[in-house]
Amino acid sequence: MENGARGFDAAVLGTSYNARDLGVRPRVLVQANTIDDVVAAVKRAGRENLKISICSGGHSWAQNHLRDGGLMLDLSRLDELQIDVAGRRAIAGPGNDGSRVNARLMKHGLFFPVAHCPGVGLGGFLLQGGFGWNSRALGLGCESVSGIDVVLADGRLVHANERENADIFWAARGAGPGFFGVVVRFHLRLHPMPKFVGMVLQVFRMKHLEEVFSWAETVAPDVSRAVEFQILLTSGAFGLFAPGIEVAVPVLANSWKEAREATAYLTESPIRKKASIALPLLPVSIGLMQRGAARTHFPDGMHWCVDNMWTNSAMAQLLPGLRRVADTLPPSPSHALWLNWRPPASRGDMAFSVEANTYIALYGEWRRAADDAKYANWATDHMQAMASMSAGIQLADENLGKRPARFLSDTHMARLDRLRATHDPAGRFHSYRGRL
Ligand SMILES: Cc1cc2nc3c(=O)[nH]c(=O)nc-3n(C[C@H](O)[C@H](O)[C@H](O)COP(=O)(O)OP(=O)(O)OC[C@H]3O[C@@H](n4cnc5c(N)ncnc54)[C@H](O)[C@@H]3O)c2cc1C
């Protein structure tokens with residue numbers, strides 16, 4: 001479909017989860033139905049000297065696939081899913097919605113660490129690393145990818161894994177929006193489904209912010225890997241309908257007993273009595289948690305500006321910034337996330353290379369285009385103000401066009417640049433909008 005054709009704008013904008021229209025349009029939109037369509041589109045781009053942008057699930061907050069001119073490849077229809085139950089393997093197209101993949105896997109007692117919200121595409125999620133359900137225990141989503149099928153800049157379709165085209169496979173696990181090819185299939189290693197899934201929720205008034213975070217710092221290092229210890233600051237906290245702190249903690253364990261022990265630090269915490277709402281550990285399905293989060297914090301049709309940082313800084317240093325964030329939150333459901341990540345001592349060799357003990361992300365969201373100017377810099381400005389405490393950023397929530405930041409180690413970035421020069425010498429694929 002060419003720019004100017006009937007329905008072109010709607011088809012382009014319809015690919016994005018973020019409802020902001022930045023006025024950017026490609027020259028050509030290709031909605032691929034098959035892998036052959038992808039090969040043909042890449043060859044056409046070569047003939048016509050068009051740069052290529054790609055989207056799978058369209059959940060890049062920054063709408064990384066929307067670039068002026070060039071050819072935009074929409075892969076949302078590449079959503080095949082073949083499950084080998086006995087072999088605990090699957091082959092999945094990049095256009096798959098991760099939550100739907102898991103819903104199908106769970107029917108067979110299987111599981112994959114997909115993104116936390118419905119709608120997030122496997123394509124972008126797995127390329128940037130993939131901080132999924134139970135990723136503290138199972139590893140990043142990309143660590144459960146055993147191979148990819150990828151269309152390169154010259155139109156060749158190749159397979160890449162640890163032994164074959166190993167450099168391309170290395171890059172595909174962490175390069176995110178700077179990958180130099182089109183992934184048309186992921187080969188996945190599956191995990192057994194956790195036997196117990198549940199959640200602990202405690203809600204505090206915002207005046208307790210310093211106490212809650214200071215307590216969190218003391219317990220964080222010892223929190224079980226079965227627990228996703230997160231604290232959210234929001235102007236419409238659950239049950240308070242006022243600014244507050246949600247300590248909303250999913251746990252994915254092998255038994256109710258294990259889950260209870262893993263969350264005892266919450267249910268028996270000294271600050272629990274200050275909570276306005278304190279629910280015990282409750283069994284809650286992943287589907288329900290996903291749908292709940294989508295409704296309360298990530299509703300459809302919003303305008304977004306998101307930014308983030310990894311940090312190893314002490315809480316005493318972080319607190320003034322977190323307090324400023326809390327005091328300036330845009331209207332609900334905008335929110336800030338503090339996540340206890342604590343990476344393992346080492347990971348396999350892949351492009352992904354920057355992480356830290358704590359993850360902080362700011363999700364500014366608003367409904368009306370008229371408010372773009374009012375809220376569009378909130379997340380960026382606060383993360384910039386805290387940049388001296390940052391160990392880098394997560395590409396999942398990148399905002400590189402507005403705030404260039406570090407997201408790969410220097411050696412991995414240099415290797416990625418060399419690989420791009422080899423596999424995409426003409427710069428056929430768009431790369432990062434900004435970098436340090
Ligand atoms: C509501 C919401 C919840 C989220 N939750 C999580 C979460 O729990 N964990 C987490 O880690 N992240 C999360 N994210 C971030 C998300 O993983 C990233 O934005 C990811 O890039 C989205 O993948 P996508 O395919 O939907 O996005 P897209 O916008 O389609 O892709 C993002 C970029 O990746 C590249 N790309 C995508 N597909 C391909 C492909 N097949 N081949 C080559 N390049 C490709 C392109 O450069 C593209 O611009 C969330 C995002 C949203 C909006």
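Note that ligands are numbered from 1 as they come in the structure, with each ligand's atoms numbered from 1 the same way.
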**Student:** Look at atom 26 (O) of ligand 1 and say which protein heavy atom is nearest, naming residue and atom and giving the distance to 0.1 Å.
**Tutor:**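 Here the closest protein heavy atom is G121 N, 2.8 Å.
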**Student:** Please determine if P94 has a nitrogen or oxygen closer than 3.5 Å to a nitrogen or oxygen of ligand 1.
**Tutor:**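 No, no N or O pair falls under 3.5 Å.
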**Student:** Test of understanding: given a 4.0 Å heavy-atom threshold, classify the contact between H430 and ligand 1 as side chain, backbone, both, or neither.
**Tutor:**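 Neither; no heavy atom under 4.0 Å.
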**Student:** Identify, by atom number and element, the atoms of ligand 1 in contact range of N64, meaning under 4.0 Å from any of its heavy atoms.
**Tutor:**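 Every atom of ligand 1 under 4.0 Å from some heavy atom of N64: 46 (C), 47 (O), 48 (C), 49 (O).
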**Student:** With atom 36 (N) of ligand 1 as the reference point, say which of L75, N96, L127, L78 has the nearest heavy atom.
**Tutor:**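 Of the listed residues, L127 has the closest heavy atom.
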**Student:** Nearest to atom 9 (N) of ligand 1, what protein heavy atom do you find, and at what distance?
**Tutor:**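 Ranking protein heavy atoms by distance from atom 9 (N) of ligand 1, first comes F131 O, 2.7 Å.
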**Student:** Quick one: nearest non-hydrogen protein atom to atom 18 (C) of ligand 1, plus distance?
**Tutor:**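 Protein heavy atom with the smallest distance to atom 18 (C) of ligand 1: A396 O, 3.6 Å.
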**Student:** Whether R173 engages the ring of F169 as a cation-pi pair (distance to the six-membered ring centre under 6.0 angstrom, angle to the ring normal within 45°) should be assessed.
**Tutor:**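 Pair R173/F169 counts as cation-pi.
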**Student:** Assess whether a salt bridge exists between D68 and R25, defined as any Lys/Arg side-chain N lying under 4.0 Å from an Asp/Glu carboxylate O.
**Tutor:**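 Looking at D68 and R25, the cut-off is not met.
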**Student:** Parallel, tilted or perpendicular, judged at 30° and 60°: which one describes the rings of W61 and Y17?
**Tutor:**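 Taking Y17 first and then W61, their aromatic rings stand perpendicular (interplane angle over 60°).
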**Student:** Salt-bridged, D167 to R418, with N to O below 4.0 Å?
**Tutor:**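 Salt bridge between D167 and R418, a charged N being under 4.0 Å from a carboxylate O: no.
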**Student:** Closer than 4.0 Å to some heavy atom of H116 - which atoms of ligand 1 meet that?
**Tutor:**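 Those atoms are 7 (C), 8 (O).
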**Student:** Verify salt bridge (charged side-chain N to carboxylate O under 4.0 Å, His left out) between R403 and D381, making sure each step is shown before the conclusion.
**Tutor:** CA-CA 9 Å; R403 195 177 71 87; D381 290 349; over 6 Å; no
**Student:** Applying a 4.0 Å heavy-atom criterion (strictly less than), which segment of S56 is in contact with ligand 1: side chain, backbone, both, or neither?
**Tutor:**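 Both backbone and side chain.
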**Student:** Which residue and atom name correspond to the protein heavy atom nearest atom 17 (O) of ligand 1, and how close is it?
**Tutor:**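 Looking only at protein heavy atoms, the one closest to atom 17 (O) of ligand 1 is Q128 NE2, 3.3 Å.
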**Student:** Heavy atom under 4.0 Å from ligand 1: found in V184's side chain, backbone, both, or neither?
**Tutor:**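 Near ligand 1, V184 shows nothing, with every heavy atom at 4.0 Å or more.
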**Student:** At what distance is the nearest protein heavy atom to atom 28 (P) of ligand 1, and which residue and atom is it?
**Tutor:**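 For atom 28 (P) of ligand 1, the nearest protein heavy atom is G58 N, 3.4 Å.
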**Student:** Output yes when the distance from some N or O of ligand 1 to some N or O of V182 is under 3.5 Å, and no in every other case.
**Tutor:**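 N/O-N/O distance below 3.5 Å does not exist for this pair.
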**Student:** Does the separation of the ring centres of Y363 and H335 fall below 6.0 angstrom?
**Tutor:**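 Yes, close enough.
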**Student:** Counting heavy atoms only, name the option from F125, W133, W61 that's nearest to atom 2 (C) of ligand 1.
**Tutor:**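 When every heavy atom of F125, W133, W61 is considered, W61 comes closest to atom 2 (C) of ligand 1.
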**Student:** In the protein, what heavy atom is nearest to atom 42 (N) of ligand 1, and what distance, to one decimal place, separates them?
**Tutor:**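 That would be V183 N, 3.0 Å.
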**Student:** Could you tell me whether the side chain of R20 reaches within less than 4.5 Å of the side chain of W366, counting heavy atoms only?
**Tutor:**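 In contact.
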**Student:** For G181, is the nearest heavy atom under 4.0 Å from an atom of ligand 1?
**Tutor:**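 Distance cut 4.0 Å: G181 passes for ligand 1.
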**Student:** Do Y359 and W338 make the cut of ring centroids closer than 6.0 angstrom?
**Tutor:**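 Between W338 and Y359, which both carry aromatic rings, the centre distance is not below 6.0 Å.
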**Student:** Which of the atoms of ligand 1 are close to Y17, meaning less than 4.0 Å from one of its heavy atoms?
**Tutor:**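 Near Y17, meaning under 4.0 Å from one of its heavy atoms, ligand 1 has 1 (C), 53 (C).
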**Student:** Please check if the distance between the ring centroids of H430 and H65 is under 6.0 Å.
**Tutor:**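 No, ring centres 6.0 Å or more apart.
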**Student:** Does any N/O atom on I54 come nearer than 3.5 Å to any N/O atom on ligand 1?
**Tutor:**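 It does: an N or O of I54 is found under 3.5 Å from an N or O of ligand 1.
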**Student:** Between D97, V38, V120, V150, which one has a non-hydrogen atom sitting closest to atom 22 (C) of ligand 1?
**Tutor:**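 Considering heavy atoms of D97, V38, V120, V150, the nearest to atom 22 (C) of ligand 1 sits in V120.
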**Student:** Any salt bridge between R347 and E355, counting N to O under 4.0 Å?
**Tutor:**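 E355 and R347: salt-bridged.
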**Student:** Is ligand 1 less than 4.0 angstrom away from at least one heavy atom of G132?
**Tutor:**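 No, G132 has no heavy atoms under 4.0 Å from ligand 1.
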**Student:** Please list, in number order, the atoms of ligand 1 under 4.0 Å from a heavy atom of G124.
**Tutor:**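 Selected atoms, number and element: 20 (C), 21 (O), 23 (O), 24 (P), 25 (O), 31 (O), 34 (O), 37 (C), 38 (N).
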**Student:** Mind checking whether H59 has an N or O less than 3.5 Å away from an N or O of ligand 1?
**Tutor:**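 Between H59 and ligand 1 (N or O atoms, distance only) the closest approach is under 3.5 Å.
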**Student:** Counting non-hydrogen protein atoms only, what is the nearest one to atom 32 (C) of ligand 1? Give residue, atom name and distance.
**Tutor:**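 For atom 32 (C) of ligand 1, the nearest protein heavy atom comes out as S60 CB, 3.8 Å.
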**Student:** Less than 4.0 angstrom from a charged side-chain N to a carboxylate O is my criterion; do R406 and E398 meet it?
**Tutor:**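 Salt bridge: no.
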**Student:** Check E48 with R27, please: is the shortest side-chain N to carboxylate O separation under 4.0 Å?
**Tutor:**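 Salt bridge flag = yes for E48 with R27.
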**Student:** Can you confirm if the aromatic rings of F179 and H423 lie within a centre distance of less than 6.0 Å?
**Tutor:**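 Distance test on ring centres: not under 6.0 Å, no.
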**Student:** If you measure from the Lys or Arg side-chain nitrogens to the Asp or Glu carboxylate oxygens, is any gap between K195 and E258 under 4.0 Å?
**Tutor:**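 Here K195 does not pair with E258 in a salt bridge, since their nearest N and O are not under 4.0 Å apart.
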**Student:** Judged on heavy-atom distance to atom 5 (N) of ligand 1, which of A115, P299, G119 sits nearest?
**Tutor:**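 The residue whose heavy atom sits nearest atom 5 (N) of ligand 1 is A115.
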**Student:** N/O of Q394 under 3.5 Å from N/O of ligand 1, yes or no?
**Tutor:**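 Among all N and O atoms of Q394, none is under 3.5 Å from an N or O of ligand 1.
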**Student:** Please say whether the positively charged group of R136, taken as NZ for Lys or CZ for Arg, lies over the ring of W341, i.e. under 6.0 angstrom from the six-membered ring centre and within 45 degrees of the axis.
**Tutor:**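 No cation-pi geometry.
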**Student:** Could you list the atoms of ligand 1 found under 4.0 angstrom from a heavy atom of C55?
**Tutor:**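 The list of qualifying atoms is 30 (O).
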